[in-house]
Amino acid sequence: MFIVNKTLNLSDKYTVASLKWGSRVIKNTFISIIFANMIFLITTSCTLRASIYSLTSQEDRAAKEKTAFLLEPFNIKYTDISYSAVTMTWEAPSDSVRSYKIVVIEGSESPASCENENAISITGTSISLTGLNSNVSYSYRLCSVSPEDGKVSAGVTGQFTTLRYLERLSLYPAFKSWNQYLNNDGSDIVSATGATCSAIYQGYSACLHGGVLFKAFLAAGTTCAQVKAYDQLQVFIWNCNDSVSPAYVYSSGIKKGKGLQSLISTQGFLKNRIVVEVDNTVAYVSNAEIWWDNPVEVLPLSTPGATVSLTNGASSVGKIFYVPDQRISGAYTVDSNDISIVVLPEGSLKLSGTVAPLIKAGTIATPKKNLWFEGVFDVGTGGSSIHLEWVAMSRIHMVKGSNIELVQSRDSFVSQLHHIGSFSTYNSNWLTIENAVFSNSATFPLDFSNSMIIKAMGITIIGGGTPALSGSLGYLPMGSIARNLTIANSYRNSLHIVTFNGANNRTLVHNFLSSNAGKIYQWRAGGNMYSNIMVGTSNSADDLINITGLDGVANKFTNHMVLSHANCIEAGNSFDSGITNGTCIPSIVSDATLNIGLDLDKLFVGPVGVDDSKNLSDILGIRLFDSLLDWFQFENPFRLWGRKDNITHTNIVGPCTTGGDCQVWDLRLKADSNNRAFNRTDLVTSQNQPFIAGSPCPTAVSGNKVTLFDFGSGTNTFLTNAHEILDDGLGDDDTLCESNESCVYNPNFGSYQGEGDYYSNGTCLFNDGTVSGVKMYSYPTIGI
């Protein structure tokens, strides 16, 4: 009970510093006592009133005393505020109070009471107010209702302001459906002419995916420095443009790790909305609505041994077929343009029988374009999951599959791939592959035979080739860029650059890490650049670089060349190979800094000896090949199956095969101060400066820390220790971090540059130099 030990007069007012009701403390509450000349006891059978009034007259006292001890609702919160609605929630003041009244009016002056004709009665502790006006302040009074006699309390008051209405528009209204593309022929993503995609042999970025491009205008006077935009589903990359009035926000691509799986369900497209913060406060919101008009249908069943044709039927835009469950299936052919097939996260499409491939599209007579594949397409270690022939401007996105084949195809984009077996691009040109892992191929895990102009970035390979055949990354073609590569435990040649016509190959290999994976092998193809190369084997007799019969133009080794030991072969070359035979010392035009000594045990997290929580096959990281069913599900995208390790690290090279034990390997880098691959891309001999958002960028990504390379059509100048963010609507999407592009800091050798959301991690303050105007991000975690 409360006990006030004082003799009181009618008009006395006292401040009680702390009163306790059970475990609840009420502090600094003004209390007016209405009984004179007596000790006043408040017992537990009473209800203490939270809002107390001073009584100035006998009439006031009579009006108030019936609700003098009725508690008020508290901890009021506002959720789901939009331009026309708000949801209010609160906590009940006691178990006995179950109903309330509220009065809401426009303006800053609170309603006088809850006892008027506009009061809304509420049962429960929440209310959704709708039909409100955009960008208007509202005041309210919320009162408790006595469960005994229906009287209302004096109430608590507050204010809220609705958001501004934001109208979502398509950046290019004629290309608003999924898988609709237009020419990227403007000075930037927002200034294209709106012509239908017609680019040939220019790469996927020569056209814009209209279906992911939206905009919304802001109020006059708003500047981009004030603004942060995002969508409620957190799928898209958002930018702001205030070079015109009014300013507007616009989407330019899809975030890493997002795709159709984030946008659809078994009910069709999910509703989404744009949200804009101004000065870190939510100020605008659009309608929650469906953004696309494509039909969304469950993938029709294909019985084992059968093949089902997929078409758009009567639809004027491409259909999106989804797989909601784990399905054992026959095969499919894609017989219309603009089709998407997405396997939802809970599902998989697994081939049954001998009909292969699982998915096929295109022939020389019936080429296809604008296709989208996403999800698990499983054929185990035999057959191919996806076979594309004469297919253009298509996406293989977040696919988990095996033996994917692109034949005579072009201008397409492969991203976030988890793959077993061989990925082949025979006679295909202008392809981009990024953030992909490959394992368990008896030939080349990644084979670019007879292709041209390939961009490969963020590639991780384990267990490729045989002792007498192939290697890991094969036949890297003329005019290509291969960067941020990690190759481990593979036979013969980790990198295989060959040309059969003696032409200048002019390929850039940048930021390359090879461990127990054979040598860099180049035959005839001249004019290549090797930059930031790290190659090591456990056998000191192995040669690490072999350049033979070079034709055309001299090679160049630049930046860093880190080797486990000095053993290089340079033979029969008409032009300078870039290295010295035997010693590996850079020669003539090369200017690389040579470092000898590499502890391979310190490179990777390595073999996993505990259960992977997502993989259905591993037992403490191990599984016999013959009973291994789950090749794709892992705790992180840098885990994949390789050969079982042992204490001497013998017999770990090559694919895992019948009769052998397979082991989960984690090819993320160890955050070990003695690991030369970790956080040492600047000097090798010491770790790079830390990346701190909002502070000056590390010197490793200064605007003058650059590399120059001529692909035959002019010199490209790019930051040595950063890569361009691809498919974000900015820059030329060649993987090289150049002026006025958004980029990610590369502190490490190889494919692993970190993990987490680099957008949320923020940017550092870029120091302009030869390269300028860069927005520099970094992964929040760069080693394990």
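Just so it is clear, the values below take in all heavy atoms, side chains as well, and ignore hydrogens, waters and symmetry mates.
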Donor-acceptor under 3.5 Å ([X] side chain, [Y] main chain):
X: Ser315; Y: Val317; answer: yes
X: Asp242; Y: Ser245; answer: no
X: Ser110; Y: Thr157; answer: no
X: Asn183; Y: Asp185; answer: no
X: Thr222; Y: Leu218; answer: no
X: Glu167; Y: Phe217; answer: no
X: Arg273; Y: Ser286; answer: yes
X: Ser760; Y: Asp757; answer: no
X: Tyr322; Y: Thr266; answer: yes

Examine the side chains of [X] and [Y] and answer whether a donor and an acceptor come within less than 3.5 Å of each other.
X: Glu72; Y: Ser153; value: yes
X: Asn435; Y: Ser415; value: no
X: Asn272; Y: Asp231; value: yes
X: Ser252; Y: Asp728; value: no
X: Asp149; Y: Ser146; value: yes
X: Asn133; Y: Glu106; value: yes
X: Thr281; Y: Asp279; value: no
X: Ser137; Y: Thr161; value: yes
X: Ser340; Y: Asn179; value: yes
X: Ser613; Y: Glu635; value: yes
X: Thr162; Y: Ser134; value: no

State, to 0.1 Å, how close [X] and [Y] come at their nearest heavy-atom pair, and which atoms those are.
X: Ile81; Y: Val285; value: O-CG1, 4.5 Å
X: Asn294; Y: Gly318; value: ND2-O, 2.8 Å
X: Cys743; Y: Val774; value: SG-CG1, 3.9 Å
X: Gln261; Y: Glu374; value: N-OE2, 2.9 Å
X: Ser170; Y: Lys215; value: O-CE, 4.3 Å
X: Ala119; Y: Cys114; value: CB-O, 3.2 Å

Which word best sums up how the rings of [X] and [Y] line up, parallel for under 30°, tilted for 30 to 60°, or perpendicular for over 60°?
X: Phe214; Y: Trp292; answer: perpendicular
X: Tyr181; Y: His209; answer: parallel
X: Phe236; Y: Trp291; answer: parallel

If you round to the nearest 0.5 Å, how far is [atom2] of [Y] from [atom1] of [X]?
X: Ser265; Y: Leu344; atom1: OG; atom2: CG; result: 8.0 Å
X: Thr125; Y: Trp90; atom1: OG1; atom2: CH2; result: 6.5 Å
X: Asp293; Y: Lys176; atom1: CG; atom2: NZ; result: 6.0 Å
X: Leu233; Y: Lys258; atom1: CG; atom2: NZ; result: 8.0 Å
X: Ile120; Y: Tyr140; atom1: CD1; atom2: OH; result: 13.5 Å
X: Ser126; Y: Ile76; atom1: OG; atom2: CD1; result: 12.5 Å

Sub-4.5 Å side-chain heavy-atom contact between [X] and [Y]:
X: Met393; Y: Cys197; answer: yes
X: Tyr250; Y: Ile189; answer: yes
X: Asn370; Y: Asp338; answer: yes
X: Leu129; Y: Met88; answer: yes
X: Tyr138; Y: Ile105; answer: no
X: Pro73; Y: Val156; answer: yes
X: Val97; Y: Leu70; answer: yes
X: Val342; Y: Phe373; answer: no

[atom1] of [X]: more than 12 outside heavy atoms within 6.0 angstrom?
X: Asn280; atom1: CG; answer: no
X: Glu289; atom1: CD; answer: yes
X: Glu148; atom1: CD; answer: no

Next on the checklist: Working note: Asp733 + Tyr204, criterion side chain to side chain contact (heavy atoms under 4.5 Å, CB included); need CA distance, chi angles, decisive distance, verdict.
Outcome noted: CA-CA 9 Å; Asp733 280 17; Tyr204 77 95; 2.7 Å; yes

Item to check | Full working for side chain to side chain contact (heavy atoms under 4.5 Å, CB included) between Tyr745 and His723 | outcome: CA-CA 7 Å; Tyr745 174 40; His723 72 259; over 6 Å; no

Checklist entry - Do Lys775 and Glu741 sit within salt-bridge range, that is, some charged N less than 4.0 Å from a carboxylate O? => result no

Item to check | Check ion pair Lys319-Glu297 (N to O, under 4.0 angstrom) | outcome: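 Salt bridge: yes.
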
Next on the checklist: As a test of understanding, state which of Lys256, Lys255, Arg395 forms a side chain to side chain donor-acceptor pair (under 3.5 Å) with Asp727.
Outcome noted: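 Only one of Lys256, Lys255, Arg395 forms a side chain to side chain donor-acceptor pair (under 3.5 Å) with Asp727, namely Arg395.
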
Checklist entry - Got a sec, which residues hit side chain to side chain donor-acceptor pair (under 3.5 Å) with Tyr230, two or more places apart in sequence or on another chain? => result Glu277

Next on the checklist: Holding to ring pair (Phe, Tyr, Trp, His ring centres under 6.0 Å), I want the full list of residues that pass it with Tyr779, two or more places apart in sequence or in another chain.
Outcome noted: Tyr758

Next on the checklist: Please evaluate residues Ser778 and Asn761 with respect to the criterion side chain to side chain contact (heavy atoms under 4.5 Å, CB included), reporting the C-alpha separation (whole Å), side-chain torsions for both, the decisive distance (0.1 Å), and the verdict.
Outcome noted: CA-CA 7 Å; Ser778 175; Asn761 196 41; 4.2 Å; yes

Item to check | Test log, rule side chain to side chain donor-acceptor pair (under 3.5 Å), inputs Gln159 and Ser139 | outcome: CA-CA 4 Å; Gln159 288 185 334; Ser139 298; 3.1 Å; yes

Item to check | Check against side chain to side chain contact (heavy atoms under 4.5 Å, CB included), Met776 and Phe691 | outcome: CA-CA 10 Å; Met776 185 63 65; Phe691 179 102; 4.1 Å; yes

